[in-house]
Protein chains: 2
Amino acid sequence: MPRVIKSKYAVLGILSLGPMSGYEIKKTIEGSLGNFWSESYGQIYPILRSLVAEGLATSRTEEQTGRPNRHVYTLTDTGRGTLVQWLAEPVEYDVGRVEILLKLFFGWQLPVEDSLTKLREFRTVYEGLGSKYEGIEQWLKSTQAGHPGLPYWLATVSYGQHLSRALLAWCDETASILGAIEGDQGHPAEVATPGRKNNGRDD
Amino acid sequence: MPRVIKSKYAVLGILSLGPMSGYEIKKTIEGSLGNFWSESYGQIYPILRSLVAEGLATSRTEEQTGRPNRHVYTLTDTGRGTLVQWLAEPVEYDVGRVEILLKLFFGWQLPVEDSLTKLREFRTVYEGLGSKYEGIEQWLKSTQAGHPGLPYWLATVSYGQHLSRALLAWCDETASILGAIEGDQGHPAEVATPGRKNNGRDD
DNA sequence: GATCGCATGTAAGTGGTTACATGATTTA
DNA sequence: TAAATCATGTAACCACTTACATGCGATC
């Protein structure tokens, strides 16, 4: 079963916006997908080569003096077809790994203040993200007005906004619940583990 | 010899709940952290060995007939100290990779129906997760009443609930915005790429 | 009689980052 | 003069997953 190489489609997608060099692809990803995606040169350059080998892109070399020649890649029709096909495929759910939840889960074994600090740190990050998204939204609306992609790009920003608002609310709610715990935490004890012997409910 | 970072602390954390075998650790992770964390045997067994080598855990062998001997691992004081130290360290923000946003970002290049379908599929997943979390919440409250870990475990469930509620709202909002786009989408065009020449705002 | 649960583990592969090498040009 | 920007690329490493090997006993 060939697993899906997502980086390949990210590059294909960026190339669908116009011919570009590897360097430009990286910059474009950072500037447009940067809030929910990233790619390193270590991925981009080998992928670019494989795209040409598979006939999904062509490359032409722009001679330059004083710096390496620019290799500009252009999507072929097959390349665009491959992208469109992938875009239509359903997104599979991935559990992922949420580090703050891992830390919080074991947090009852140490002073409640430690968990509250963690929540505050977390809150600060998402507060910052929230205002960042607001700025991006304004900037998109003013610079991309009329572009058919605008509603789609705004949707990706809106995702971030909904997410950070929700996590901020969760932080506050959780902090107030944990804050109500009396101060004598931190001593390990013999306990039953949670989540085991769960009669077919979870997972 | 794999040198592991976060997985190591996940195992250490599970071991802080009581002595366990590798097999039990996997089951316990699935049953308690399963909604936001996962580990494979390919990680767990080598980690267990390295924990013993580093003095963070001890192992004793329970002889068994008809099946492999059970290796039961117990946290040492140093092991518990290492865990507590890690728990207190701040969580660094990670951009991550959100596949649905990658697909949506390029969605304007194909019929709007394709993106709406994607949103519906996504919605179904988070609807299901929402009710799953509700069940877990009830189950935790009824089976773990009085346990000092309960508020912390409920907090991890609450995270999932806030998240799925937010994403559901985002889906509906986005679907209604995209739904308002007229039907003649899908033809590629020469366009400026968004997000470039952003004067120090993004990233 | 098939498959699930128990129980161990490893080898190979995947998808990814980081650090490095090179070096001219522009900007602070 | 230090740094960032432009521009290419690779080798080494890292964390992690998947598939496999083994095999008994209980359940469907």
Side-chain angles (χ1 to χ4, degrees), chain A residues 1-11 19-31 33-34 37-52 59-73 92 94-97 99 102 196-200 203, chain B residues 1-12 19-31 33 37-52 59-73 92 94-97 99 102 196-200 203:
Chain A
M1 294 287 169
R3 292 194 64 206
V4 188
I5 319 132
K6 288 170 191 169
S7 299
K8 177 176 151 182
Y9 294 100
V11 172
M20 256 179 260
S21 70
Y23 185 84
E24 284 177 299
I25 288 170
K26 178 105 198 292
K27 294 292 143 209
T28 306
I29 288 175
E30 282 165 7
L33 316 177
W37 206 267
S38 70
E39 294 295 345
S40 62
Y41 288 127
Q43 291 275 92
I44 292 170
Y45 285 117
I47 284 172
L48 247 15
R49 204 189 284 169
S50 77
L51 290 183
V52 174
S59 81
R60 81 187 120 88
T61 304
E62 282 181 13
E63 309 272 331
Q64 286 187 307
T65 49
R67 63 181 56 166
N69 290 333
R70 263 182 100 222
H71 299 321
V72 179
Y73 295 84
E92 90 267 33
D94 178 32
V95 168
R97 296 175 135 208
E99 197 184 330
L102 186 62
R196 301 176 60 205
K197 295 191 169 164
N198 52 338
N199 310 309
D203 180 298
Chain B
M1 282 253 189
R3 195 167 311 176
V4 199
I5 305 292
K6 286 171 193 171
S7 300
K8 176 177 152 181
Y9 294 101
V11 172
L12 231 33
M20 256 179 258
S21 70
Y23 184 84
E24 283 177 299
I25 288 170
K26 178 108 200 291
K27 294 292 142 210
T28 306
I29 288 175
E30 284 166 5
L33 315 176
W37 206 268
S38 68
E39 295 294 347
S40 62
Y41 288 126
Q43 290 277 90
I44 291 169
Y45 285 116
I47 284 171
L48 248 14
R49 204 189 285 168
S50 77
L51 290 183
V52 174
S59 81
R60 82 185 119 87
T61 304
E62 282 180 13
E63 309 272 333
Q64 287 187 306
T65 47
R67 61 182 58 168
N69 291 333
R70 262 182 101 222
H71 299 321
V72 180
Y73 295 84
E92 89 267 32
D94 179 32
V95 169
R97 299 176 133 207
E99 197 184 330
L102 186 62
R196 301 177 61 204
K197 296 191 170 164
N198 51 337
N199 310 308
D203 179 299

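Worth saying up front: this structure is predicted, and the values here are computed from it rather than measured. Numbers restart at 1 for each chain; the letters A, B, ... are given by sequence-line order, proteins then strands.
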Only distances under 3.5 Å count here; give the side-chain donor-acceptor pairs of residues 42-49 of chain A to other protein atoms, sequence neighbours excluded, each with its distance to 0.1 Å.
unit_1   : atom_1 : unit_2  : atom_2 : d
Gln43(A) : NE2    : Ser7(A) : OG     : 2.9

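Applying the side chain to side chain contact (heavy atoms under 4.5 Å, CB included) test to Pro19(B) and every residue at least two apart in sequence or in another chain returns Arg60(B), Val72(B), Thr74(B). Judged as a side chain to side chain contact (heavy atoms under 4.5 Å, CB included), and not counting sequence neighbours, the contacts of Val95(B) are Tyr93(B). The ring-ring contact (aromatic ring centres under 6.0 Å, His included) test applied to Tyr23(A) returns no partner, not counting sequence neighbours. With sequence neighbours excluded, the residues forming a side chain to side chain contact (heavy atoms under 4.5 Å, CB included) with Ser50(A) are Glu54(A), listed by chain and number. Residues passing the side-chain hydrogen bond (donor to acceptor under 3.5 Å, both in side chains) test with Ser38(B), sequence neighbours excluded: none. For the salt bridge (charged side-chain N to carboxylate O under 4.0 Å, His left out) test, residues two or more places apart in sequence or in another chain that qualify with Arg97(A) are Glu39(B). For Glu92(B), there are no side-chain hydrogen bond (donor to acceptor under 3.5 Å, both in side chains) partners at least two apart in sequence or on another chain. Remark: Glu63(A) engages no residue in a side-chain hydrogen bond (donor to acceptor under 3.5 Å, both in side chains) (not counting sequence neighbours).
Of the side-chain N and O atoms in Arg49(B), one or more sit less than 4.0 angstrom from OP1 or OP2 of dT10(C). Look at Tyr23(B) and you'll find a side-chain N or O under 4.0 angstrom from OP1 or OP2 of dC6(C).
At a threshold of 4.0 Å, the pair Lys27(A)-Glu30(A) counts as salt-bridged, since one of the basic side-chain nitrogens sits closer than that to a carboxylate oxygen.
Atom pair Glu24(A):CD and dT8(D):C1' shows a separation of 13 Å (rounding to whole Å applied). One atom, CG of Asn69(A), and another, P of dT22(C), lie 18 Å apart when rounded to the nearest Å. Rounded to whole Å, the distance from OH on Tyr45(B) to P on dA11(C) is 16 Å. Here the P atom of nucleotide dT5(D) and the NZ atom of Lys27(A) are 7 Å apart, to the nearest Å. Taking atom NZ of residue Lys26(B) and atom P of nucleotide dT17(D), one finds them 9 Å apart after rounding to whole Å. The distance between atom CE of Met20(A) and atom P of dC6(D), rounded to the nearest whole Å, is 14 Å. The distance from atom CD of Gln64(A) to atom P of dT5(D) is 18 Å, rounded to the nearest whole Å. Atom-to-atom, CZ of Arg60(B) to C1' of dA7(C) comes out at 16 Å; the value is rounded to the nearest Å.
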Atom pairs under 3.5 Å, N or O on each side, protein against nucleotides 16-18 of chain C: can you list them with distances?
unit_1  : atom_1 : unit_2   : atom_2 : d
dG16(C) : OP1    : Arg97(B) : NH1    : 2.1
dG16(C) : OP2    : Ser7(A)  : OG     : 2.6
dG16(C) : OP2    : Gln43(A) : NE2    : 3.1
dG16(C) : O5'    : Gln43(A) : NE2    : 3.2
dT17(C) : OP2    : Ser40(A) : N      : 3.4
dT17(C) : OP2    : Ser40(A) : OG     : 2.7

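Residue Ser21(B) places its side chain closer to dA7(C) than to any other of dG9(C), dA7(C), dG9(D). Nearest nucleotide to the side chain of Arg70(B), out of dG9(C), dA7(C), dG9(D): dA7(C).
Nearest heavy atoms, Asn69(B) versus Gln64(B): OD1-N, 2.8 Å. In plain terms, the two heavy atoms of Tyr41(B) and Gly22(B) that are nearest each other are CE2-O, 4.2 Å.
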I need a per-nucleotide contact map over nucleotides 23-28 of chain D, read 5' to 3'. Cutoff is protein heavy atoms under 4.0 Å; write B for the base, S for backbone only, - otherwise. -S----
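Axis orientation changes by 40° from one end of the helix from dG1(C)-dC28(D) to dA28(C)-dT1(D) to the other, with each end axis drawn from 5 pairs and the value rounded to 10°.
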